Structures are given as structure tokens and as C-alpha cells.
Amino acid sequence: MPVHPLSTLVRHARHHSPFYSDLYAALPPTVTDLTELPVVDQDSFWAANTVQDNRVLTGPLTEAVVYKTGGTTGAPKFSYYSREEWREFVTAFGQGLVDAGLRPGHRVADLFYAGDLYASFLFILDSLAHASVDNVRLPIGGAAPLETTAPALEDFRAQVVAGTPTTLCRLAAHLMTTGRQLPAVELLFFGGEPLFADQRPLLAAAFPNAEPRSLGYASVDAGLLGRPVPGPDPRVHRAFTPHTVVEILDETTGEPIREAGRPGRVVVTQLYRRLMPVLRYPAGDRAEWTDPEAGCFRILGRADEGVRVGPVSLSAQDAQDAVATADSGGRIVGTQLVVRRWEGRDGLVLRLATASGGAGADADAVLEALGHTVVDGLNRARPLYPESVSAGHVHPLTVEWARHADLVVNPRSGKLVRVVDERPTA
């Protein structure tokens with residue numbers, strides 16, 4: 001049975017996973033409602049979900065596929081799927097591709113990235129192979145030279161091109177530079193990061209007959225999240241019922257939000273995963289219901305757990321760690337990640353607060369040097385960021401000094417907002 005009743009899944013997790021056994025120690029023997037379960041703390045989850053002596057998995061690692069999650073870091077995280085779980089994952093997501101517009105016979109170019117234990121390329125290829133309509137799959141990959149990618153799309157008259165918005169725009173810019181268009185392309189399936197309004201003109205120029213559409217909402221760690229909902233807003237998705245239960249929780253109280261139009265953080269429960277249970281796990285995004293009864297919601301951006309800047313994922317904890325390592329004198333009293341977008345690219349600003357904001361030339365020089373040290377540390381922790389800067393995908397990391405009173409806080413609770421996303425979405 002691919003999809004398990006909640007009570008059965010909880011019982012299996014608490015009996016076979018040391019992490020969940022500890023987390024659920026105070027719960028009654030039988031749990032039938034999600035709200036009886038605590039929301040998983042991500043730091044504790046990943047501290048227990050290690051390669052050696054893993055305390056999250058419910059059994060020995062004898063049959064599984066392993067993927068890296070959370071971006072390129074010095075301490076990577078890994079997600080595990082049994083053969084049956086992966087088949088359920090890609091089959092359900094493949095049906096979502098049909099919702100997004102995949103039609104019988106479509107020739108689809110997969111421009112996501114492969115290798116180094118990353119999932120996106122194989123995930124999309126497998127989802128296409130398990131979709132309910134016939135299609136022709138072109139496994140080109142995002143790292144292939146544009147000089148060979150463009151001719152392949154032309155030769156096979158690809159009708160669908162799938163990739164991150166960054167990859168699609170990079171291809172579009174190459175086409176325009178070489179004086180070409182791909183009028184045969186009907187759909188641009190994007191995923192992994194938002195599509196912004198300032199990217200649409202470039203895509204329209206290179207792919208004059210193509211419509212950009214979300215191919216779905218999922219992640220390697222959290223699993224299935226939302227299938228596309230056709231319409232003018234590509235941020236709207238619908239929960240993958242019955243495989244997935246999506247909750248939107250109040251960011252202050254943690255209570256489930258039931259009404260439309262009220263933002264909260266996304267928490268997900270996967271009813272098809274037993275090897276690495278995902279039960280009330282924070283997906284890292286904010287969203288709001290658009291039609292609660294139908295399970296439709298609008299993605300609003302990243303929550304406190306992390307942020308996506310172009311093709312790079314960073315967490316607030318990464319910044320906190322870089323500050324802690326660099327600031328031995330304790331000058332920094334607050335850290336905030338501010339994501340902005342200008343000149344067609346994302347950029348990350350580290351807003352670092354001091355008690356007084358600093359004063360005088362000497363103090364300014366000390367803070368400037370400290371800021372450089374923090375940036376260098378974060379770039380070392382997330383090498384994909386400086387690599388993306390070199391590739392022209394994102395702006396370099398910068399530091400913005402402020403007083404603690406200048407940091408953005410939740411107006412209701414007064415709590416620090418760790419990630420401020422100032423980008424306009426499409």
C-alpha cells in the first residue's frame with residue numbers, strides 16, 4: 001500500500017526511528033490527527049539524519065536511492081527513498097506535469113542538473129517517464145554547453161524545455177546573442193526557484209510561442225508539495241492528495257490556518273514515505289490558501305529556514321555561523337538576510353546590526369574588515385554562490401550595517417524576521 005494511514009505511519013516511525021521515538025515519547029499510544037504531533041525542528045532533524053549512525057531512518061540502508069539536499073555546503077545533507085517510495089514520488093509528480101500542460105507526443109528537453117548526488121535532472125526525467133501520457137525525453141542537462149544545447153533543441157524541434165528560470169534565461173540570452181529563436185517551443189517548465197516579471201521579456205523574445213509554467217512544487221527533503229494549477233498565477237499549486245498533507249501554520253502561534261489570504265509557513269507530511277519519515281516537516285516556504293477546500297495555495301517565498309537566491313539555497317543558520325566564526329569580539333548583535341533583485345538578477349545583502357551602528361573612521365574600518373570576513377566565510381560555506389556570481393547569475397554578497405533597532409521584526413510578536421525577501425514576484 002503506497003499511501004499509509006497517519007496512525008500507522010506514526011506508529012511505524014516511533015517504533016523504528018530513534019529520532020521520532022524521542023520526539024513522540026510523550027504522545028498517547030495512538031495518534032489520529034496531525035495537530036497532535038509536534039512540528040519537526042529542522043536543526044534537530046538534520047543533526048540526527050547523518051550518514052553514519054543515522055537516527056532518523058526506520059531501518060538499515062540496504063535498498064534505497066540517496067540524494068543530496070540543501071545546496072552545496074561543507075556539511076551536506078542527504079535524503080533517502082526506497083524504490084517503491086521513489087516510484088510513487090515520480091509517478092505523482094508526472095501526473096502534475098500533465099496538469100501543467102504536458103501533452104501526448106511532446107518532445108521535452110530536461111535542462112536540470114545531474115551528478116554529485118543531486119536529484120533534479122533524474123527526478124524530472126523519471127517523472128516524465130512515469131507520466132500518464134506518452135512523451136519523448138531529451139536528457140540534455142543544465143551543464144551542457146549552450147553551443148550544443150541550442151542545436152539539439154532545434155534538431156529535435158523540442159516543444160517543452162524544463163529547467164530553472166536561471167537556466168532558461170541563460171539559454172534565452174545565448175539564443176538572442178546568436179540571433180536565433182526557438183518558435184517550436186510551446187511550454188517552458190520552470191522549477192526550483194521563482195520566475196520573476198523581469199525575466200519574462202527575455203524568455204518571450206527567445207521563445208516567442210512558449211508559455212512559462214510551473215512544473216510543480218517539490219523538494220528532495222520534503223518530497224511532494226504541490227501540483228500545478230493552470231491559470232495566470234504560476235505560484236498557485238494544489239496539494240498532492242492523497243500522498244501529501246500540506247499545512248499552513250501561523251508564524252507566531254504555530255496554529256493551522258484555515259482561511260484564504262492569510263500567510264503562514266508551509267509544513268508537510270508525506271504519507272508514502274516510511275524509510276525516512278517526513279511528518280510535520282517545515283518545507284522552508286511561506287504560503288497562503290487561495291481555496292482551502294480544494295487544497296489550493298499560493299507560494300509567497302522562503303520562510304525563516306532558508307532563502308533561494310537565483311539557483312543557490314542558503315539558510316539563515318549559514319549566515320549566523322559565518323558571523324559567529326568571524327566576530328570573535330561580539331560586535332554584531334543581529335543578522336538578517338535581505339534578498340533583492342535589480343538589473344535582472346537576484347542579490348543577497350547581509351544586514352548586520354551593531355548596538356550603536358558604529359561611529360568614527362576607526363570604527364567604520366573595523367566594521368568594513370569584519371564585513372569582508374563574514375562574506376568570505378559565507379562564500380566558503382556556500383561555494384555555489386560565488387560560482388553563480390562568476391557565471392553572472394547573481395550579484396555578489398554585500399553587507400549593510402545597521403542598528404539593532406533598524407532590523408525588521410514581526411509586528412505582532414516583536415520577533416526578528418531572519419529573512420526579508422524584497423523581490424517583486426511575477
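Everything quoted here is computed from the prediction, not taken from an experiment.
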### Query
Run the salt bridge (charged side-chain N to carboxylate O under 4.0 Å, His left out) check on Glu211 and Arg200 step by step: do they pass?
CA-CA 10 Å; Glu211 180 181 352; Arg200 288 179 176 270; over 6 Å; no
#### Entry: Worked verdict on Glu84 versus Arg87 for salt bridge (charged side-chain N to carboxylate O under 4.0 Å, His left out)
CA-CA 5 Å; Glu84 183 180 60; Arg87 186 184 302 116; 5.4 Å; no
### salt bridge (charged side-chain N to carboxylate O under 4.0 Å, His left out) between Asp346 and Arg423, intermediate numbers included
CA-CA 8 Å; Asp346 288 351; Arg423 296 172 294 187; 2.8 Å; yes
### Message
Set out, in order, the CA-CA distance, both residues' side-chain angles and the distance that settles side-chain contact (heavy atoms from CB on, under 4.5 Å) for Trp289 and Ile257, then state yes or no.
### Response
CA-CA 8 Å; Trp289 295 113; Ile257 294 172; 4.3 Å; yes
#### Entry: Full working for side-chain contact (heavy atoms from CB on, under 4.5 Å) between Asp285 and Leu300
CA-CA 7 Å; Asp285 291 309; Leu300 300 177; over 6 Å; no
### Task
Evaluate side chain to side chain donor-acceptor pair (under 3.5 Å) for Gln95 paired with Ser132, printing each intermediate quantity in order.
CA-CA 6 Å; Gln95 186 55 45; Ser132 59; 2.8 Å; yes
### Task
Take His174 and Arg170 through the side-chain contact (heavy atoms from CB on, under 4.5 Å) test and state the conclusion after the steps.
CA-CA 6 Å; His174 172 77; Arg170 188 166 59 90; over 6 Å; no
### Task
Show the numbers, then the answer: is there a side-chain contact (heavy atoms from CB on, under 4.5 Å) between Val349 and Val399?
CA-CA 6 Å; Val349 178; Val399 169; over 6 Å; no
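A donor-acceptor contact closer than 3.5 angstrom is absent between the side chains of Glu63 and Ser82. For the residue pair Glu186 / His106, a side-chain donor-acceptor distance below 3.5 Å is found, with atom types taken as modelled. Side chains of Trp86 and Asp126: a donor-acceptor N/O pair is present below 3.5 angstrom, by distance only. Between the side chains of Asn49 and Tyr80, no donor N or O sits under 3.5 Å from an acceptor N or O.
Here the shortest heavy-atom pairing between Leu187 and Ala210 reads N-CB, 4.2 Å. Of all the heavy atoms in Ala326 and Val374, the pair that sits closest is CB-CG2, 3.7 Å. In terms of heavy-atom proximity, Gly310 sits nearest to Val394 at CA-CG1, 3.9 Å. When all heavy atoms are compared, the tightest approach of Val133 to Asn135 is O-ND2, 3.1 Å. Contact record, Gly334 with Leu407: CA-CD1, 3.8 Å, taken as the closest heavy-atom pair. The two residues Asp99 and Pro228 have their closest heavy-atom pair at CB-O, 3.8 Å.
When Thr164, Val309, Thr167 are each tested for a side chain to side chain contact (heavy atoms under 4.5 Å, CB included) with Glu193, only one passes: Thr164. Just one of Arg380, Arg418, Arg382 meets the salt bridge (charged side-chain N to carboxylate O under 4.0 Å, His left out) condition when paired with Asp318; it is Arg382. Residue Glu251 forms a salt bridge (charged side-chain N to carboxylate O under 4.0 Å, His left out) with just one option from Arg262, Arg265, Arg286, and that option is Arg286. Under the side chain to side chain contact (heavy atoms under 4.5 Å, CB included) rule, Val229 has a single partner from Cys296, Ser214, Pro234, which is Cys296.
Environment of CZ in Phe156: sparse, with no more than 12 heavy atoms of neighbouring residues, nucleotides or ligands closer than 6.0 Å. Under a cut-off of 6.0 angstrom, the local environment of CG in Asp53 is sparse, with at most 12 non-hydrogen atoms contributed by other residues, nucleotides or ligands.
Ring planes of Phe89 and Phe93: perpendicular class, angle over 60° (limits at 30 and 60°).
Thr148 contributes a side-chain N or O that, together with a main-chain N or O of Pro145, makes up a donor-acceptor pair within less than 3.5 Å. At distances below 3.5 Å, at least one donor-acceptor pair connects side-chain atoms of Gln159 with backbone N or O atoms of Arg107. Checked by atom type and distance alone, the side chain of Asp327 never pairs as donor or acceptor with a backbone atom of Val323 at under 3.5 Å. Here the side chain of His395 pairs a donor or acceptor atom with the backbone of Trp342 at under 3.5 angstrom. For the pair Asp116 (side chain) and Tyr118 (backbone), a donor-acceptor distance under 3.5 Å is absent. Judged by distance alone, with hydrogens and angles left aside, the side-chain atoms of Arg14 form no donor-acceptor pair with the main-chain N or O of Ser17 at under 3.5 Å. The closest donor-acceptor contact from the side chain of Asn209 to the backbone of Pro183 lies under 3.5 Å. With hydrogens and angles disregarded, a donor-acceptor distance shorter than 3.5 Å links the side chain of Arg308 to the backbone of Gly192. A donor-acceptor pair is defined here as one N or O able to donate and one able to accept, closer than 3.5 Å; no such pair exists between the side chain of Gln181 and the backbone of Pro208. Looking only at distances, a side-chain donor or acceptor of Tyr385 sits under 3.5 Å from a matching main-chain atom of Leu348.
To the nearest 0.5 Å, atoms CG (Asp221) and CZ (Phe78) are separated by 13.0 Å. Between Arg83 atom CZ and Glu88 atom CD the span is 14.0 Å, to the nearest 0.5 Å. The structure places CG of Leu34 at 5.0 Å from CG of Leu6, a figure rounded to the nearest 0.5 Å. Expressed to the nearest 0.5 Å, how far CG of Leu249 lies from CZ of Arg280 amounts to 5.5 Å.
Listed by first and then second residue, the salt bridge (Lys or Arg N to Asp or Glu O under 4.0 Å) pairs that reach into residues 17-35 are Asp22-Arg55, sequence neighbours excluded. Residue pairs meeting the side chain to side chain donor-acceptor pair (under 3.5 Å) criterion with at least one member in residues 266-278, sequence neighbours excluded: His12-Arg274, Ser79-Arg273, Tyr81-Arg273, Thr244-Gln270.
Remark: Leu122 engages Tyr67 in a side-chain contact (heavy atoms from CB on, under 4.5 Å) (not counting sequence neighbours).
No side-chain heavy atom of Val185 sits less than 4.5 Å from a side-chain heavy atom of Leu153.
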